[in-house]
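Shown next, in structure tokens, is the structure this report addresses.
Note that the structure is a prediction, hence the values are computed from the model and not measured.
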Amino acid sequence: AREGAAMKALRTLLKLAKRDLETLRRALAEKTSALALLEERILGHEQTLRAEQQAALRDYESARAYSGFAVLAAQGRVALESEREVIGQDIERLRTLIAEAHVEMRKFERLIELEETREKAALEKREDAELDEMATLRAGRTR
């Protein structure tokens, strides 16, 4: 079955759409992993802060050092939260792009189905015409 140029182009576009979708899915998986690692860092940061608070309550030297540590810890927390927000925005953007890529891929799949149906109908029409012609020729010979 010889494929038309339109069908070949559609199959190429579908292949590209699938590749784009896969690329976006991989990027989303990477960002999701990065977010999980960041969440672990935030938890570790909070645990360190709590440990320093406890130490500050126990002895004078730790209490004196704690105020400087607390300022740095607060700055670190702001930086981590900012990073979390950026990654969250990236994840949302990728989810939107994935949804759009999915729609695009489905569109090409549907166009291919329509083209296959059209080609099949055209082939059946040609075959019917050939059969009609053969029947007409045979009928002409039998007279």
Can you measure from OH (Tyr66) to CD (Glu52) and round to the nearest 0.5 angstrom?
8.0 Å

Nearest-0.5 Å distance, CG of residue Leu137 to CG of residue Asp132:
11.0 Å

Using a 4.5 Å cut-off on heavy atoms from C-beta on, say whether the side chain of Val71 contacts that of Gln75.
yes

Can you measure from CD1 (Ile91) to CZ (Arg93) and round to the nearest 0.5 angstrom?
10.5 Å

Listed pairs under 3.5 Å, donor-acceptor, residues 41-49 side chains, sequence neighbours left out:
from, atom 1, to, atom 2, distance (Å)
His45, NE2, Ala73, O, 2.9
Glu46, OE2, Arg77, NH1, 2.2
Glu46, OE2, Arg77, NH2, 3.3
Thr48, OG1, Gly44, O, 2.9

Taking Glu116 first and then Arg11, would you say they form a salt bridge - that is, a charged N and a carboxylate O separated by under 4.0 Å?
yes

Gap separating the CG atom of Leu35 from the CD atom of Glu40, nearest 0.5 angstrom:
10.5 Å

CD1/Ile87 to OG/Ser33 distance, rounded to the nearest 0.5 angstrom?
10.5 Å

What do the steps show when you test Glu124 against Lys120 for side chain to side chain contact (heavy atoms under 4.5 Å, CB included), and what is the final call?
CA-CA 6 Å; Glu124 287 171 0; Lys120 187 177 173 194; 3.4 Å; yes

Evaluate side chain to side chain contact (heavy atoms under 4.5 Å, CB included) for Gln53 paired with Leu57, printing each intermediate quantity in order.
CA-CA 6 Å; Gln53 286 170 340; Leu57 292 174; 5.7 Å; no

Indicate every side-chain donor-acceptor pair of residues 94-102 with a distance under 3.5 Å to a residue at least two apart or in another chain.
from, atom 1, to, atom 2, distance (Å)
Arg95, NH1, Glu92, OE2, 3.2
Thr96, OG1, Glu92, O, 3.1

Using 0.5 Å steps for rounding, measure from the NZ atom of Lys107 to the CG atom of Leu10.
10.5 Å

Between Ala56 and Ala63 the two heavy atoms that sit nearest each other are O-CB, 3.4 Å

Kindly indicate, with the supporting measurements, whether the criterion side chain to side chain contact (heavy atoms under 4.5 Å, CB included) is fulfilled by Arg110 and Glu115.
CA-CA 9 Å; Arg110 182 72 184 119; Glu115 185 65 18; over 6 Å; no

How far apart are the closest heavy atoms of Ala55 and Ser62, and which atoms are they?
O-CB, 3.4 Å

Side-chain polar contacts of residues 20-31 - donor-acceptor pairs under 3.5 angstrom, sequence neighbours left out - could you list them?
from, atom 1, to, atom 2, distance (Å)
Thr23, OG1, Arg19, O, 2.9
Lys31, NZ, Asp90, OD2, 3.0

